[in-house]
**Student:** 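Input: one structure, supplied below.
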Amino acid sequence: MNNTIQYSVDPDGIALLTIDLPGTSMNVLTPELKEDLDTLVGQAAADDAIRGIVLTSGKKAFIAGADIKDMVTAYDRGISVKEAAEFSSSLNRTLRRIETCGKPVAAAINGLALGGGLEVCLACHYRVLANDTGAVLGFPEVNIGLLPGAGGTQRTPRLIGFRNAAMMILQCRNQGAEEALKIGLVHELAPAAQVVERARRWILEHGDPEQPWDKKGFKIPQGGLTHPDTAQTFMVGNALLAKNTRHNFPAPIAAQSAMFEGCATSFDAGLNIESQYFGLLLAGPVARNMMRTLFVSKGRADKLARRPEGIEKSSVRKLGILGAGMMGAGIAYVSARAGIEVVLLDTSLENAQRGRSHSESLLKKAIERGQSSIEKAERLLGLITPTTDYSDLDGCDLVIEAVFENMALKADVTARAEAVIPGSCVFASNTSTLPITGLAQVSVRPEQFIGLHFFSPVDKMPLVEIILGAKTSEETIARSMDFIQQIRKTPIVVNDSRGFYTSRVFTTFTSEGIMMLAEGVKPALIENAAKMAGMPVGPLAVSDEVSLELAYKIGRETAIALEQDYPTDASQEVVRKMVEDLDRKGKRFGRGFYDYPESATKHLWPGLSEHFPVSDEQPDFEELKKRLLVIQALESARCFEEGVLTDVEDGDIGSIFGWGFPAYTGGTLSYIDTLGIREFVAECDRMTEAYGKRFKVSQWLRERADARQLFYG
């Protein structure tokens, strides 16, 4: 009995295989589906009364890809490279049978086809794609640490040439209907209601049961491996991969190798080469880390897995924002984009209107790129009302305070807003460092007070960190999570602490880089070590971008709150000197660790070596990379120990999407597990001896290491 495919034969002898996995909203390429494809294609091929086969879907999409939730456990199950390669080979054998079954097979692609779903389509002799569903075709595998392992690296270049294949496979660039037709990925476009009939018509009128690469004299379009354009594609590709991956991500390198080596031989030998590279990836930790955090964990967070149960779903119709600076303006834009009425309040109408103009500039760029229209832009802007009048907040479902990091200022705007907002309104602070419980003390409704920490630039950064105060109610948590989902962001939930989770750990990265400067490490070496480790920006550059002045003020306020003398360490002394003595406050001021000339690229300030002399002997480059990663992972473990983090997945999602911890690690806590918790503790012990007590491991973490208790169990 076939549970995943509905099988029927029409009077013209066309077998229709309708893929429709039970109990799911999307078709995925499961072992059961593969087995049913094998069986039914074989059945149709053996029946002399059948002229051809049409594959289609009973769901809105064709096939969304392979079953990632099964593959993500492969590494932890101890899968070998040989076993992982056989997983790919088995899929390849099934799809090879489709294209060599002796009957013409057409794909009626009624919706998106990604990854393994697209590979099924490419194994068909003819492809009709719906042009009225917004369907896209693509290979997302490299983004989760894998490569297309069911013939994608072999059929795609043989079908559309190396350059187009490289963009799809290495850059994960999806193709819409028109572009797919233009480059030859599909043969025909039709409305979704007609794709099956068009596929049938091709079989009845043409019905060629042989793929181009199986025909004598086949040549790869746009030039084979010896063609100058192909050589240039691979040379440029090698350079781009080195630049973009820093050799930390094995998947794009393996995918390019599979394409090059596979297309240098026969098609079947190429499939075997692809399977071998796929096996190396699936049996390695990077694919596990990326699949787990970027796909499974993020998917759970987007579906609000941590939302309190039993609370009615809510939505925000009217939102108030206090403060129209970059953060407030950014929140206003993403909220209006979601159809929410926004009141953008500041101390002057000029400031509030300037905040609204931020949305205008973003919309102008979107129109220029063809991603919006004048009509859509006008509708969005019409939802944002600049004001200085607190009474305009009446009727708000949610108010977000986004003023400067000052307790007194935040207390003032909180009191003024609460005087006019409805009793049911949730009040949130966008603070990045100040404890929510302390901010909520001025509130007359602390149970409805919460932290919603957005990241800059808000329109691009996908994460929102939800911070719970001591009295925050479950209803407030649920309503806040509903709002984050409404504006299409990803939430993580943490408990209250100074700096919470993301700011607290991110600060260790910048501080460690500045500490290296104080030790006499060359500034360029510090920046390059961070980027080669996988961080998006070096610690000195990002300190400038965040603002050294802000770091200075936060450091002083923290020291006062904790009754400590400022500066508390060498990195804070560097910041103090930069701000107080040298008047170099960061990028916004045009001068910090870097110079920012108007007509040239930014560059490290030459004066750094005068004020922070470089040592004659420089440290090992790999050691610098490891220091920058270990200090962040250790602080994440402390957050977990202290209960700031209560969920391992939140820790990893927050580290990657919040401040850019390298995705190949899976996040800060996955990094510890991948290195090995005993090995990690040993590294911290060594670094404590070499660099100081900031690397010291707690008894709690040491006991976990002794018991080999990983964060993911």
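Any value given below was found using the heavy atoms of this structure, including those in side chains, with hydrogens, waters and symmetry copies removed. Along the sequence shown, the residues carry numbers beginning at 1.
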**Student:** Only counting residues at least two apart or in another chain, list the ones meeting salt bridge (Lys or Arg N to Asp or Glu O under 4.0 Å) with D302.
**Tutor:** K298

**Student:** Is there a side-chain contact between I492 and D647, using heavy atoms and a 4.5 Å cut-off?
**Tutor:** no

**Student:** Nearest 0.5 Å please: distance from the CZ atom of R77 over to the OG1 atom of T73.
**Tutor:** 3.5 Å

**Student:** Would you call the rings of F661 and W659 parallel, tilted or perpendicular, taking 30° and 60° as the class edges?
**Tutor:** perpendicular

**Student:** Which heavy atom of I253 sits nearest to which heavy atom of H247, and what is that distance?
**Tutor:** CD1-ND1, 4.0 Å

**Student:** Could you tell me whether the side chain of K103 and the main chain of I50 form a donor-acceptor pair under 3.5 Å?
**Tutor:** yes

**Student:** I'd like to check L147 versus I169 (side-chain heavy atoms, cut-off strictly below 4.5 Å). Are they in contact?
**Tutor:** no

**Student:** Hey, is R200 close enough to D10 for a salt bridge, meaning N to O under 4.0 Å?
**Tutor:** yes

**Student:** If only side-chain N and O atoms count, and only distance matters, is there a donor-acceptor pair under 3.5 Å linking Y277 with E261?
**Tutor:** yes

**Student:** Would you indicate whether the side-chain heavy atoms of T133 and K60 approach each other to under 4.5 Å?
**Tutor:** no

**Student:** Using only atom types and a distance under 3.5 Å, with no angle test, would you say the side chain of H125 pairs donor to acceptor with the backbone of P209?
**Tutor:** yes

**Student:** Minimum heavy-atom separation for T293 to S670, with atom names?
**Tutor:** OG1-OG, 4.3 Å

**Student:** Taking the side chain from T265 and the backbone from A269, do they hold a donor-acceptor pair closer than 3.5 Å?
**Tutor:** no

**Student:** Before you tell me yes or no, could you show the steps for D208 and K215 under salt bridge (Lys or Arg N to Asp or Glu O under 4.0 Å), namely the whole-Å CA-CA distance, both residues' side-chain angles and the distance that decides it to 0.1 Å?
**Tutor:** CA-CA 11 Å; D208 183 358; K215 294 179 179 178; 2.6 Å; yes

**Student:** I need the F711 CZ to F680 CZ distance, nearest 0.5 Å.
**Tutor:** 8.0 Å

**Student:** Taking side chain as C-beta onward, heavy atoms only, is Q175 less than 4.5 Å from V136?
**Tutor:** no

**Student:** Ignoring hydrogens, what is the shortest heavy-atom contact between A15 and Y7? Give both atom names and the distance.
**Tutor:** CB-OH, 4.1 Å

**Student:** Can you find a side-chain donor-acceptor pair between E274 and Q154 that sits under 3.5 Å?
**Tutor:** no

**Student:** Can you tell me which residue among R96, R93, R97 is in a salt bridge (Lys or Arg N to Asp or Glu O under 4.0 Å) with D38?
**Tutor:** R97

**Student:** Flag the pair I53 / V41 as yes when at least one side-chain heavy-atom distance between them is below 4.5 Å, and no otherwise.
**Tutor:** yes

**Student:** Counting only N and O atoms by type, is there a donor-acceptor contact under 3.5 Å from the side chain of R488 to the main-chain atoms of Q485?
**Tutor:** no

**Student:** Is there side-chain contact between P221 and I160, with at least one heavy-atom pair below 4.5 Å?
**Tutor:** no

**Student:** Taking C-beta and beyond as the side chain, do P191 and N131 meet within less than 4.5 Å on heavy atoms?
**Tutor:** yes

**Student:** V128 and I109: side-chain contact (heavy atoms from CB on, under 4.5 Å), yes or no, with the steps?
**Tutor:** CA-CA 6 Å; V128 185; I109 312 166; over 6 Å; no

**Student:** Rounded to the nearest 0.5 Å, what separation is found between the CG atom of L95 and the CG atom of L122?
**Tutor:** 9.5 Å

**Student:** Is R292 positioned over the aromatic face of Y712, cation under 6.0 angstrom from the ring centre and no more than 45 degrees off axis?
**Tutor:** yes

**Student:** What I'd like to find out is whether the side chain of I14 reaches to under 4.5 Å of the side chain of V9, using heavy atoms alone.
**Tutor:** no

**Student:** Could you tell me whether a side-chain N or O of N110 sits under 3.5 Å from a main-chain N or O of K59, the two making a donor and an acceptor?
**Tutor:** yes

**Student:** Salt bridge check: are E99 and R155 linked by an N-O gap of less than 4.0 Å?
**Tutor:** yes

**Student:** Rounded at 0.5 Å granularity, tell me how far OG1 in T245 sits from CG in N248.
**Tutor:** 7.0 Å

**Student:** Measure from the side-chain N and O atoms of K489 to the backbone N and O of V458, and report whether any donor-acceptor pair falls under 3.5 Å.
**Tutor:** yes

**Student:** Name the orientation class of the two ring planes belonging to Y126 and H187 (parallel below 30°, tilted from 30 to 60°, perpendicular beyond 60°).
**Tutor:** parallel

**Student:** Could you go step by step and tell me if S275 and N92 meet the side chain to side chain donor-acceptor pair (under 3.5 Å) rule?
**Tutor:** CA-CA 8 Å; S275 293; N92 273 325; 3.2 Å; yes

**Student:** Please report the closest heavy-atom contact between G651 and L669, naming both atoms and the distance.
**Tutor:** CA-CD1, 4.5 Å

**Student:** Return yes if some donor-acceptor pair links the side-chain N/O of S88 with the main-chain N/O of G149 below 3.5 Å, else return no.
**Tutor:** yes

**Student:** Got a sec, which residues hit side-chain contact (heavy atoms from CB on, under 4.5 Å) with M481, two or more places apart in sequence or on another chain?
**Tutor:** L304, R306, R307, P308, I466, I477, P491, V493

**Student:** Using 30° and 60° as the class limits, which term best fits the ring planes of F87 and F278: parallel, tilted or perpendicular?
**Tutor:** parallel

**Student:** For residues S297 and D652, is any side-chain donor paired with an opposing acceptor at under 3.5 Å?
**Tutor:** no

**Student:** Ignoring hydrogens and angles, state whether a donor on the side chain of E465 or T502 is under 3.5 Å from an acceptor on the partner side chain.
**Tutor:** yes

**Student:** Look up atom CG in L40 and atom CG in L16, then write down how far apart they are to the nearest 0.5 Å.
**Tutor:** 11.0 Å

**Student:** Residues in salt bridge (Lys or Arg N to Asp or Glu O under 4.0 Å) with D459, at least two apart?
**Tutor:** none

**Student:** Could you walk me through whether R288 and D76 satisfy the salt bridge (Lys or Arg N to Asp or Glu O under 4.0 Å) test, starting with their C-alpha distance in whole Å, then the side-chain angles of each, then the deciding distance to 0.1 Å, before giving a yes or no?
**Tutor:** CA-CA 8 Å; R288 186 277 311 268; D76 293 321; 2.7 Å; yes

**Student:** Can a side-chain donor-acceptor contact be found between N238 and Q256 if the only test is distance below 3.5 angstrom?
**Tutor:** yes

**Student:** Any idea which heavy atoms bring L159 and L185 closest together, and the distance?
**Tutor:** CD2-O, 4.0 Å

**Student:** Begin from the C-alpha positions of K82 and Q276 and carry the test side-chain contact (heavy atoms from CB on, under 4.5 Å) through to its verdict.
**Tutor:** CA-CA 8 Å; K82 184 177 180 181; Q276 298 307 310; over 6 Å; no

**Student:** Using the rule side chain to side chain contact (heavy atoms under 4.5 Å, CB included), only one of N174, L170, T156, L114 pairs with F139; which is it?
**Tutor:** T156

**Student:** Does the D20 side chain pair with the main chain of I5, one donor and one acceptor, at a distance under 3.5 Å?
**Tutor:** no

**Student:** Show the nearest heavy-atom pair for residues S636 and T668, with the distance to one decimal.
**Tutor:** OG-OG1, 3.0 Å

**Student:** Using salt bridge (Lys or Arg N to Asp or Glu O under 4.0 Å), reason through E368 and K365 one step at a time and then give a plain yes or no.
**Tutor:** CA-CA 5 Å; E368 290 171 353; K365 291 176 184 176; over 6 Å; no

**Student:** Calculate, to the nearest 0.5 Å, the distance between atoms CD and CD1 belonging to Q211 and I98 respectively.
**Tutor:** 10.0 Å

**Student:** Are the side chain of T56 and the backbone of A108 linked by a donor-acceptor contact shorter than 3.5 Å?
**Tutor:** yes

**Student:** Could you tell me how the ring of F267 sits relative to the ring of W213: parallel (under 30°), tilted (30 to 60°) or perpendicular (over 60°)?
**Tutor:** parallel

**Student:** Are T674 and N289 close enough that a side-chain donor and a side-chain acceptor fall under 3.5 Å?
**Tutor:** yes

**Student:** Any side-chain donor-acceptor pair under 3.5 Å between W202 and E188?
**Tutor:** no

**Student:** Is a salt bridge present between D67 and K34, judged by a nitrogen-to-oxygen distance below 4.0 Å?
**Tutor:** no

**Student:** Given L463 and I653, is the side-chain contact (heavy atoms from CB on, under 4.5 Å) satisfied, shown in steps?
**Tutor:** CA-CA 8 Å; L463 191 77; I653 292 169; 3.9 Å; yes

